[in-house]
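To keep things clear, I will list the structure first and then write my remarks on it.
Just so we're on the same page: letters track the sequence lines, and every chain starts at 1. Heavy-atom basis, side chains included; hydrogens, waters and symmetry copies ignored.
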There are 2 protein chains.
Amino acid sequence: MVKPAKASASHAAPAARAYHHGNLRQALLEAALVLAQQRGPEGVSVREAARQLGVSPGAPFRHFPNRRALMTAMAEEASARLQIEVRKAIRPRDKTPLARLRALGRGYLQWARAHEAHFRIVSARDQIDLAGSPGLQASMQAVRALTEQTLHEAQAVGEVSLAHDAAALALLSRATVYGLARMQLDGHLPQWGVKPGGEAAATEATLALLVKLMAAGASGAPAA
Amino acid sequence: MVKPAKASASHAAPAARAYHHGNLRQALLEAALVLAQQRGPEGVSVREAARQLGVSPGAPFRHFPNRRALMTAMAEEASARLQIEVRKAIRPRDKTPLARLRALGRGYLQWARAHEAHFRIVSARDQIDLAGSPGLQASMQAVRALTEQTLHEAQAVGEVSLAHDAAALALLSRATVYGLARMQLDGHLPQWGVKPGGEAAATEATLALLVKLMAAGASGAPAA
DNA sequence: ACCTGAACACCGTTCAAGT
DNA sequence: ACCTGAACACCGTTCAAGT
């Protein structure tokens, strides 16, 4: 986007173009994101990003030790934003724990739809270095903790039966939402009877079904 | 695996090595699978496979129009095998529809664990050409049909409430099992409280929980 | 019919040298 | 401190030519 015009003559002093970019790290992240949007995570080329920014092929390696580090930095940003959006998806009107759980899941699904490239990067485990990124792990843990806590509250309040294992409930919620998000982005939903354009409605109805099933076996809920 | 010894002298007639492989297509699929096992689907290189088989870099392209076609052929084989295993996972002792649904899901999870490389290829949507492979679509549809039919039976028999949308039930089952399989292979389970080595037990317990939740709201089941 | 081998247009990454 | 530009060891793919 900030591609500078090439110097026209080879003998003149190259005064027109700043010697270094000043902000190459951030510019690389932005260019890489555009490439990911156009060609998917695999299609991100650090050479191509450098070319678009008018720097030499080696320049990016002053800012990222390797391609994987670039991808991981993108995933960190994505996952931080996802965490924020998921939190914001829970509105004050969602008064019961299960209503919050559903809102949380819906926020996740909506974010995956709205930020497909970023979502793909976060879940492209062979392109990023999850183990080497405390930030990435932290924002994933935050979503997990929110899920588990909400389920604990649902059990405490009698919305979900205490007979069910809390860890299994959390894992079930996460697996379902993650599976739905992937099926959505990978184009598997049409095969499951979802009409084109109906992805959002279908995934959210499925999420709602899970929440309803979780509530069904409960005993001491204050209201039905 | 069938790597022929290099001709020792350069002046002698190359009679020792057959001019062509005779079975290059199949050999490529096998070599590519080994590469996928070692480095993941992204690590599959057709040049490297050719090298290992002692053929020239261009040779594979007589058998596959491009790399994606090779990957798709691998996915076809994988998905045909997955379908068979899932069917075999349903034992005669699984008398009720929900018992069969659970067995089916367990078969899927076990296969994903036992054939990680193949499973990754089937679900690597940007490496394969799902739309251009009727075979791949067919075996995926077969698993889907089995899931949906089993759920219909569960509703007919009163094991699952007719109040729930059949399509949503099927999608919920699939999303859960797919999500669990991915989390398992991508190493996300430790973060969700699963101890190393406990992946099989945790995913299967989660599947069992889903089945239990589905049964909970039913009314007219013959037996509890 | 099947394969070779050279070529083309790409990669990621390193590193001396420049500013 | 930051970047260049050449180099290295790779890719996927094509295509004339060989057997």
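Rounded to an integer number of Å, the gap from A:Leu53 CG to D:dT4 P is 11 Å. Between the CE atom of B:Met71 and the P atom of D:dG12 there is a distance of 10 Å, given to the nearest Å. Nucleotide C:dG12 holds its P atom 11 Å from the CD atom of A:Gln127, rounded to whole Å. If you take CZ of A:Arg62 and C1' of D:dA1, they are 9 Å apart, rounded to a whole angstrom. Put simply, CD on A:Glu42 is 13 Å from P on D:dG12, counting in whole angstrom units. Between the C1' atom of C:dT13 and the CG atom of A:Leu70 lies a distance of 13 Å, rounded to the nearest Å. A:Phe61 places its CZ atom 13 Å from the P atom of D:dT4, with the value rounded to the nearest Å. For the pair A:Glu48 CD and C:dC11 P, the interatomic distance rounds to 6 Å; values are reported in whole Å.
C:dA16 is paired with D:dT4 under the criterion used here, namely a Watson-Crick or G-U wobble arrangement in which both key atom distances are under 3.5 Å. C:dC10: no Watson-Crick or G-U partner with both key distances under 3.5 Å is found in any strand.
The side chain of A:His63 approaches D:dC3 more closely than any other nucleotide in the set D:dC3, D:dG12, C:dC3. Nearest to the side chain of B:Val46, among C:dT4, D:dG12, D:dG5, sits D:dG12. Closest to the B:Pro57 side chain, of the nucleotides D:dT4, C:dG5, C:dC3, is C:dG5.
Among the candidates B:Leu98, B:Leu180, B:Leu172, B:Val177, the single residue satisfying the side-chain contact (heavy atoms from CB on, under 4.5 Å) test with B:Leu210 is B:Leu172.
Neither OP1 nor OP2 of D:dA9 sits under 4.0 Å from any side-chain N or O of B:Arg51. The shortest distance between the side-chain N/O atoms of B:Arg47 and the OP1/OP2 oxygens of D:dA9 is not below 4.0 Å. Distances shown here put a side-chain N or O of B:Ser45 below 4.0 Å from the OP1 or OP2 atom of D:dC11.
Checking B:Arg144 against A:Gln191 by side-chain atom types alone, no donor-acceptor pair falls below 3.5 Å.
The existence of a salt bridge linking B:Asp126 and B:Arg68 is excluded, since no basic side-chain nitrogen approaches an acidic carboxylate oxygen closer than 4.0 Å.
Taking a 6.0 Å sphere around CZ of A:Arg39, one finds it holds more than 12 heavy atoms contributed by other residues, nucleotides or ligands.
The aromatic rings of B:Tyr108 and B:Phe119 sit perpendicular, their planes meeting at an angle over 60°, well past the 30° parallel limit.
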